*Asks:* 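What follows is a structure written as structure tokens; I'll ask about it next.
Index from 1, following the sequence. Worth saying up front: this structure is predicted, and the values here are computed from it rather than measured. Just so you know, these numbers use all the heavy atoms, side chains as well, and skip hydrogens, waters and symmetry mates.
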Amino acid sequence: MRPSAADVALVVCDASDGVTAQDLRIAELAMRSNCATLLVLNKWDVHPETLDLDYERARVTEKAAPAGRAC
């Protein structure tokens with residue numbers, strides 16, 4: 001028996017690294033499979049002074065927008 005596809009994918013990213021190209025690639029693979037996809041920042045509270053959430057959100061939006069997806 002073959003497992004069914006997931007309905008939702010959570011791509012957990014290390015906030016201290018920001019959203020990496022590999023994180024975006026994994027999210028893209030999930031989205032191309034018509035899977036609802038969320039990018040989750042883990043450890044965002046460890047170094048809040050160095051994390052720019054607005055920058056990360058804009059980066060993800062820029063990468064997802066050409067595929068017709070909203071963030």
*Asks:* Can you tell me how far the CE atom of M31 sits from the CG atom of L24, to the nearest 0.5 Å?
*Replies:* 8.0 Å
*Asks:* For D7, give me all partners under side chain to side chain donor-acceptor pair (under 3.5 Å), at least two apart in sequence or on another chain.
*Replies:*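 Counting only residues at least two positions away or on another chain, D7 forms no side chain to side chain donor-acceptor pair (under 3.5 Å).
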*Asks:* What is the minimum heavy-atom distance between C13 and L39, and which atoms define it?
*Replies:*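 For C13 versus L39, the nearest heavy atoms are SG-CD2, 3.9 Å.
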*Asks:* Any salt bridge (Lys or Arg N to Asp or Glu O under 4.0 Å) involving residues 12-27? Give me the pairs, sequence neighbours left out, ordered by first then second residue.
*Replies:* D14-K43, R25-E28
*Asks:* For I26, what residues pass the side-chain contact (heavy atoms from CB on, under 4.5 Å) criterion, not counting sequence neighbours?
*Replies:* V11, Q22
*Asks:* Taking all heavy atoms of C35 and all of A9, pick out the closest pair and write down the distance.
*Replies:*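 Nearest heavy atoms, C35 then A9: SG-N, 3.5 Å.
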